[in-house]
Each structure stands twice: as C-alpha cells, then as structure tokens.
Undergrad: 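Structure below; questions to follow.
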Amino acid sequence: MDEKETKYIISLMSGTSTDSIDTGYCKVTPDLRVEVIDGINYPYPENVKEQIFNLYKPDSTIQDLCRMNFVIGECFAAAANKLIKKHGKPDFISSHGQTVYHIPSNSTLQIGESSVISARTECMTISNFREKDIAVGGQGAPLVCFADEKWFKPLKKNIIVQNIGGISNSTVILNEFDTFGFDNGPGNMLIDYCMRKYFDKEYDKDGLTALEGNICDNWLNLLLEDEYYLIEPPKTTGREYFSEKYIENALKSAPKDPKDIISTLTALTAKSIAVSYERYVYTQSAIDEVILGGGGAYNPTLTKMLKYYLPKHVELKTHEDYGISNNFKEAAAFALLGYCTFYNIPNNLPSCTGAKYRTVLGKITY
Ligand SMILES: Nc1ncnc2c1ncn2[C@@H]1O[C@H](COP(=O)(O)OP(=O)(O)O)[C@@H](O)[C@H]1O
Ligand SMILES: [Mg+2]
C-alpha cells in the first residue's frame, strides 16, 4: 500500500451497557494518533434496547438474532448519518457493532449489519474486528489495548489504563514488559441491573444511590470469592458469565435495603479492580498511575472507592488529562483499528488477547 495518509473516520461503538452508540468523527494521522473532532452518544430507541437485552435471554431465537442484526445496522447508520449531515462524508466508517455473544477462545458475535451501514451512508464500512483474533487463537478481546499501547507507551511510565464500562478492563503498560490486558470483572453492569430492578432507573447517576447506602462487607467478600477473579490473564468475560441468572443468584444473599445493594455492588466493582492489580500486576511491577475511562469514570462514589482500595502512591487520572475524551475513548480506539485495517497494518496485540500471532483484524464492506 502507498504511503499512509490522514483519514477522517466515523467510528461506531456500543459496549455491553447498551447505553448508547458512541459515534465519533475522528481524524487519524499516519503517526496513529486520533483526534475526536466531534462525537455524539446516540441512544438506541427504548424498544430496540429492550430487544437487545431480550437477545441475552435463554428463550431468544435465531430469528430474533437475524432480525436484530438488521435493526441495529439501521441504528448505527442513523447515528453515522447524524455526523455526516454536520461534517460531510468521512473517508470510511469503522464499526465495532453490538456484542451479543462473547465466549472467550471460542466465539464472539457483534451485530449491526455492515451492509446496511454502507448502503444507508454510502460509505465504505470496516467492521467485525474480533473474529480474526479468535481465528488465530486469541480471545477476540480486549482490542482497545492496541490503541492504549500506541498512545501511552511513549510516556515511559508504569501505567494501567482502566476502562469501567459494562465490564471493566485493564491495559497494563509497563516500561520493562510487554503490554498485557484483561477484563477485571463486572463494571457498571451489576449496578445498572439493580438500579433498573429496584429504582426503575437506567444507572446510578453520579453514584448518589451508592453514596446513601452502606457497604455490606459480608456480601462483598462473598461476591469476591467468585472464581472468575482467580483466573490468570489473559481473560475476558461478558454477559454470558455475569448473567441475569448470576446476579439473581447473588441477590439471594444480599442485604435488604436496595441502597445497600447498590453501595456494595459499587464497592465490588472498585475492589475487584484493585484486587486484580494485586494479583496480576504488582507481582510484576509497581504502578505509577491509573488512567480511568468509560462511563464508570463519571461515578464519583465509584472512583472514590477505587482510590481508597489502591495503594496511596498511585495517581488516579482520567483520559481527559491526556486530551482524550473519556466518552469517546473507545470510539477513538476503533477509529484507529479501522485505519490499520484499511492500510493492512496488524492491529491485534497477542500479549493482550492471547492470539498466536499479529494479524490484521476487520472486514471491509464497499
Ligand atoms: N454520570 C454517571 N454517573 C454514574 N454512572 C455513570 C455516569 N455516566 C455513565 N455511567 C455508567 O457508565 C455506563 C456506560 O459506560 P460505557 O463506558 O458506555 O460502557 P459500555 O462500553 O459497556 O457501553 C452506564 O451504563 C452507567 O452505568
Ligand atoms: Mg456505552
């Protein structure tokens, strides 16, 4: 391929929280830096969100799945078209899709048909990044580590880039070692589930409910005994493991007051992250800094708890401290992954995903 050029890319990302399609109008330069020029959090229509959650239930059918692939494709295209209206057509679109199934080292599926996106926007669309990593022996996740390494390794510090989305995941960037990454466990997912169940709210805005409740240490310790926390990285997880069944089962031994449940689940999110550092990071190296991102970074009760559970010398920063929007960080990362696919540059990081070798992820729909 010719010399690399600067590309304008609309990046589309929706995580396990299913809270919105994060849509970034990004400029990617040949030095692999990404600037998010504009971004919108495009919410799914309420009925679509409900149908996505229904897909995770055991009684969902193959027909539901096929239909939703096209419905979500339309939603992603609508999100992209909003930014196209404002900024004109990008060079191409990079779409992560909506994860509906993720079983590490076995299979993964992101839907939101790229043919629909490309037809509605009349833009080339790059999509389906995870499958190729699984095909070469990896877990298909975490993929954002690739961008984290490009952006943060040059700082020459010992850093953990900590995302707290539906699931929480770390990219560990150490001066003297290869970058590695893993999912810590449930991020906001359990909190969101219980906010819906007990308070009829989508999430615990600004951590106010958690702030009003008390942490129940017995329940917290019981939850922390889950075997996922003991698996050595690389490891990834999702709604298949931390499922409705899992949480309903866990709630059998929960405290009575729903506010205490939210406090304790917030503490679980924070402490499971801190404990994973003790087990899998500090055994290799001390850390100077944690860079926080994802929706959980906006929950001050959660970030305060995390600070409390971390060693005192560790500095807690956010992506914004480095000029990267927290809100569109993952969208920015998928713009970079798409840029690499376009130029045939390997864009998986085997030390993070467990893949046997570096390869070019993604499929192109013209
Ligand atoms: N102001 C806020 N206060 C508390 N929690 C928040 C706030 N903003 C976002 N969140 C949490 O972040 C989640 C979305 O995080 P996100 O990084 O988009 O996750 P995902 O990648 O799984 O979509 C929401 O579901 C919510 O739990
Ligand atoms: Mg989200």
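Start at 1 and go down the list; that is how both ligands and their atoms are numbered. Worth saying up front: this structure is predicted, and the values here are computed from it rather than measured. Just so it is clear, the values below take in all heavy atoms, side chains as well, and ignore hydrogens, waters and symmetry mates.
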Undergrad: Distance under 4.0 Å to a non-hydrogen atom of Lys205: what atoms of ligand 1 satisfy this?
TA: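 So the answer, numbered in order with elements, is 3 (N).
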
Undergrad: Return the residue, atom name and 0.1 Å-rounded distance of the protein heavy atom closest to atom 20 (P) of ligand 1.
TA: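 For atom 20 (P) of ligand 1, the nearest protein heavy atom is Ser17 OG, 3.4 Å.
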
Undergrad: At the 4.0 Å heavy-atom cut-off, does Asp192 count as touching ligand 1?
TA: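 Right, Asp192 reaches ligand 1.
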
Undergrad: Once you restrict to heavy atoms under 4.0 Å, what part of Ile191 touches ligand 1? Side chain, backbone, both or neither.
TA: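 Under 4.0 Å from ligand 1, Ile191 contributes no heavy atoms.
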
Undergrad: Do ligand 1 and Asp22 have nitrogen or oxygen atoms that lie under 3.5 Å from each other?
TA: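 For ligand 1, there is no N or O atom that lies under 3.5 Å from one belonging to Asp22.
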
Undergrad: Any idea which N/O/S atom from Asp19 gets closest to the Mg ion (ligand 2)?
TA: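 Going through the N, O and S atoms of Asp19 one by one, OD1 ends up nearest to the Mg ion (ligand 2).
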
Undergrad: Between Asp38 and Lys86 (salt bridge meaning N to carboxylate O under 4.0 Å), is one present in this structure?
TA: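 Here Asp38 pairs with Lys86 in a salt bridge, since their nearest N and O are under 4.0 Å apart.
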
Undergrad: Which of parallel (below 30°), tilted (30 to 60°) and perpendicular (above 60°) describes Tyr8 and Tyr25?
TA: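 Tilted, since the angle between the ring planes falls between 30° and 60°.
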
Undergrad: What atoms in ligand 1 come closer than 4.0 Å to a heavy atom of Gly165?
TA: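 Close to Gly165: 16 (P), 17 (O), 19 (O), 22 (O).
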
Undergrad: Applying side-chain contact (heavy atoms from CB on, under 4.5 Å) to Leu55 and Ile111, what does each step give before you reach the verdict?
TA: CA-CA 11 Å; Leu55 287 178; Ile111 62 172; 4.1 Å; yes

Undergrad: Is it true that Asp148 and Lys329 have a side-chain N and a carboxylate O under 4.0 angstrom from each other?
TA: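 Judged by the 4.0 Å cut-off on N to carboxylate O distance, Asp148 and Lys329 do form a salt bridge.
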
Undergrad: Considering non-hydrogen atoms of the protein only, which is the closest contact for atom 23 (O) of ligand 1, and what is the distance?
TA: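 Checked against all protein heavy atoms, atom 23 (O) of ligand 1 sits closest to Asp19 OD1, 3.0 Å.
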
Undergrad: How far is atom 16 (P) of ligand 1 from its nearest protein heavy atom, and which residue and atom name does that atom have?
TA: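 So the nearest neighbour among protein heavy atoms is Gly295 N, 3.7 Å.
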
Undergrad: Using only heavy-atom distances, determine whether the side chains of Thr353 and Asp133 contain a donor-acceptor pair under 3.5 Å.
TA: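 Yes, side-chain donor-acceptor contact under 3.5 Å.
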
Undergrad: May I ask you to list the atoms of ligand 1 that are less than 4.0 angstrom from any heavy atom of Gly296?
TA: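 Numbered from 1, ligand 1 contributes 12 (O).
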
Undergrad: Just checking Lys49: does its NZ atom have more than 12 heavy atoms from other residues, nucleotides or ligands closer to it than 6.0 angstrom?
TA: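 Count over threshold, so yes.
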
Undergrad: Note the single closest protein heavy atom to atom 13 (C) of ligand 1, along with its residue, its atom name and the distance in Å.
TA: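 Atom 13 (C) of ligand 1 sits closest to the protein heavy atom Asn188 ND2, 3.6 Å.
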
Undergrad: Considering only protein heavy atoms, which is closest to atom 4 (C) of ligand 1, and at what distance to one decimal place?
TA: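 Here the nearest protein heavy atom works out to Asp204 O, 3.1 Å.
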
Undergrad: Could you check atom 21 (O) of ligand 1 against the protein and tell me its nearest heavy-atom contact, residue, atom and distance included?
TA: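 Answer for atom 21 (O) of ligand 1: Gly15 CA, 3.5 Å.
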
Undergrad: Using a 3.5 Å cut-off on N or O atoms only, is Asp206 in polar contact with ligand 1?
TA: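 Checking ligand 1 against Asp206, an N or O pair does fall under 3.5 Å apart.
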
Undergrad: Hey, is ligand 1 close enough to Ile167 that some N/O pair sits below 3.5 Å?
TA: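 No.
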
Undergrad: Give the numbers and elements of all ligand 1 atoms closer than 4.0 Å to a heavy atom of Gly294.
TA: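 So the answer, numbered in order with elements, is 17 (O).
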
Undergrad: Measure the acute angle between the ring planes of Tyr229 and Phe242, then classify it against the limits of 30° and 60° as parallel, tilted or perpendicular.
TA: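 Correct class here is tilted.
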
Undergrad: So do the side chains of Tyr339 and Pro30 get within less than 4.5 Å of each other, counting heavy atoms only?
TA: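 Tyr339 vs Pro30: side chains touch.
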
Undergrad: Give me the ring orientation class for Tyr246 and Tyr241: parallel if the planes are under 30° apart, tilted from 30 to 60°, perpendicular past 60°.
TA: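 Tyr246 and Tyr241: tilted rings.
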
Undergrad: Distance under 4.0 Å to a non-hydrogen atom of Gly166: what atoms of ligand 1 satisfy this?
TA: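 Numbered from 1, ligand 1 contributes 19 (O), 20 (P), 22 (O).
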
Undergrad: Please give me the minimum heavy-atom distance between Ser11 and Ala331, naming the atom from each residue.
TA: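 Where Ser11 meets Ala331 most closely, the heavy atoms are OG-O, 2.6 Å.
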
Undergrad: I'd like to check whether Gly207 has a polar contact with ligand 1, where a contact means an N/O of the residue lying under 3.5 Å from an N/O of the ligand.
TA: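 The answer is no, given that Gly207 and ligand 1 share no N or O pair closer than 3.5 Å.
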
Undergrad: Considering only heavy atoms, does Tyr203 approach ligand 1 within less than 4.0 Å through its side chain, its backbone, both, or neither?
TA: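 Side chain only; the backbone of Tyr203 stays clear of ligand 1.
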
Undergrad: Please determine which of Thr171, Asn184, Asn169 meets the side chain to side chain donor-acceptor pair (under 3.5 Å) test together with Gln162.
TA: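 Exactly one pass, corresponding to Asn184.
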
Undergrad: Over 60° means perpendicular and under 30° means parallel, so classify the ring planes of Phe180 and Phe182, tilted if in between.
TA: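 Parallel, since the angle between the ring planes stays under 30°.
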
Undergrad: Looking only at distance, does Asn163 have an N or O less than 3.5 Å from an N or O of ligand 1?
TA: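 No, since none of the N or O atoms of Asn163 sits under 3.5 Å from an N or O of ligand 1.
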
